[in-house]
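Report on the structure given below.
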Amino acid sequence: MYLLSEPGQVAEWGALLDSYGYGGPVLVEEYLRGPEYSVESISDHGRHQVVGVTRKVLGPPPLFVEAGHVHPAQAGPDTAAMAELTIEMLRLTGYRTGPAHTEIIWTAAGPRIVESQARLGGDQIPRLVQLATGLDIERAVFRILDGRSPGTVERRAVAHISYFSLTPGEVRAVSGVEEARALDFVDMLEFPFRPGDRIPETVDWRTRHGFVVVTGETDEQAVARARRVHSSVRAEVGEPVTAGAGVAS
């Protein structure tokens, strides 16, 4: 994703695409303003069940790289409307059986679908769902294929994946990883850097800096726990990388 707000940005956007070795095609679409969510669902021979709504945490424009997800999003009229919209979309498209991951932006005019994929969500979202509700979506799909019920969704906790945002440059020392991993509210912690590695600038999902998955009783507690982990995991960086130098090739 790249937000183009003026013609002068086209060359910069093209250079970014060239750095990936990507030749197209590209999709140009309306910029929808508002918070972004994803709706996780399972369909069983035309019967559509919304497992839950996930709140997205996005990085700054123009790239909007996803910095985290919280599941479930706080329940209310908005989440109910997004669930209804997703079910209607699945019905109209004739989707029959399997998981779906539908991304929605809540605009001033209400919910608008950005895209829907006939797959599980990425970024460990199935694990967030399992931690928060007890439902293993992957197993649920196979249960459906075996003619059984997918299982029930029971609110147990709030689960949050949060990506680290580190200073780009050469790593001199790393500390706090194992201590953070041992915290009782930490489910997963991936920190891929060691002394001598170079931390890239984050320009897409491939150049993010590792992540932590935590649980909490509330959205606020889960977010606060992730911040605690961020403050305790440290990478001492030597020579910083200048902007643009860490673009993946």
Side-chain angles (χ1 to χ4, degrees), residues 1-10 12-14 16-17 24-44 46-96 98-126 128-129 132-133 137 153 155 158-163 202-205 208 218-220 222-223 226:
M1 183 185 298
Y2 193 95
L3 175 62
L4 292 169
S5 55
E6 57 184 48
Q9 291 179 285
V10 174
E12 181 181 352
W13 175 52
L16 183 62
L17 290 177
V26 297
L27 173 65
V28 179
E29 57 188 343
E30 177 187 1
Y31 173 44
L32 300 175
R33 293 171 172 82
E36 188 169 345
Y37 302 85
S38 65
V39 180
E40 324 309 330
S41 62
I42 303 176
S43 298
D44 180 357
R47 298 186 298 273
H48 309 297
Q49 174 187 353
V50 169
V51 174
V53 178
T54 305
R55 177 172 67 85
K56 291 179 178 288
V57 181
L58 297 178
L63 297 172
F64 302 102
V65 179
E66 291 173 343
H69 306 268
V70 179
H71 186 92
Q74 294 183 355
D78 292 0
T79 53
M82 287 186 281
E84 291 175 5
L85 178 62
T86 298
I87 290 175
E88 180 67 4
M89 180 274 300
L90 293 171
R91 185 186 67 80
L92 290 173
T93 58
Y95 190 52
R96 298 292 296 167
H101 174 73
T102 304
E103 298 186 358
I104 292 176
I105 292 178
W106 190 275
T107 72
R112 297 277 298 277
I113 293 176
V114 177
E115 63 179 55
S116 185
Q117 304 285 343
R119 60 167 174 79
L120 299 171
D123 286 358
Q124 303 295 330
I125 287 177
L128 301 187
V129 170
T133 70
I137 301 182
V153 174
R155 169 67 183 274
V158 173
H160 176 31
I161 182 171
S162 180
Y163 286 84
T202 297
V203 296
D204 58 16
W205 63 271
R208 291 181 295 192
T218 64
D219 185 309
E220 294 78 12
V223 170

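Nearest heavy atoms, P61 versus L3: CB-CD2, 4.2 Å. Closest approach of S116 to T102, counting heavy atoms only: OG-OG1, 2.8 Å.
With values rounded to the nearest 0.5 angstrom, Y163 atom OH is found 8.0 Å from E66 atom CD. The distance from atom CD1 of I137 to atom CD of E40, rounded to the nearest 0.5 Å, is 6.0 Å. E103 contributes atom CD, which lies 4.0 Å from atom CD of E115 (distance to the nearest 0.5 angstrom). Atom NE2 of H101 and atom CD1 of I125 lie 4.5 Å apart (nearest 0.5 Å). Separating the NE2 atom in H69 from the CD atom in Q124 is a distance of 10.0 Å, to the nearest 0.5 Å. Note: L90 CG to H48 NE2 = 5.0 Å, rounded to the nearest 0.5 Å.
For the pair H71 (side chain) and H160 (backbone), a donor-acceptor distance under 3.5 Å is absent. With hydrogens and angles ignored, the 3.5 Å screen pairs no side-chain donor or acceptor of S43 with any backbone N or O of G46. Judged purely by atom type and a 3.5 angstrom limit, R55 has no side-chain atom pairing as donor or acceptor with the backbone of P35.
For R112, the side-chain hydrogen bond (donor to acceptor under 3.5 Å, both in side chains) criterion is met by E30, not counting sequence neighbours. Listed by chain and residue number, nothing satisfies the side-chain hydrogen bond (donor to acceptor under 3.5 Å, both in side chains) test with T133 (two or more places apart in sequence, or in another chain). Annotation: side-chain hydrogen bond (donor to acceptor under 3.5 Å, both in side chains) contacts of E29 (sequence neighbours excluded): none. Considering only residues two or more places apart in sequence or on other chains, Y2 meets the side-chain hydrogen bond (donor to acceptor under 3.5 Å, both in side chains) condition with E12. In this view, V26 and W13, L17, Y22 satisfy the side chain to side chain contact (heavy atoms under 4.5 Å, CB included) rule, not counting sequence neighbours.
Using a cut-off of 4.0 Å between Lys/Arg side-chain N and Asp/Glu carboxylate O, K56 and D123 are scored as not salt-bridged.
Applying the side chain to side chain donor-acceptor pair (under 3.5 Å) test to every pair with at least one member in residues 77-88, sequence neighbours left out, gives these pairs: E88-R91.
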Requested in this report: Any chance you could lay out the side chain to side chain contact (heavy atoms under 4.5 Å, CB included) test for L16 and L63, step after step, and finish with the verdict?
Outcome: CA-CA 11 Å; L16 183 62; L63 297 172; 3.7 Å; yes
Query raised in the report: Can you check side chain to side chain contact (heavy atoms under 4.5 Å, CB included) on Q49 and D44, steps first, answer last?
Result: CA-CA 8 Å; Q49 174 187 353; D44 180 357; over 6 Å; no
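Checked options V114, V53, L85; the residue passing with I104 is L85 (criterion: side-chain contact (heavy atoms from CB on, under 4.5 Å)).
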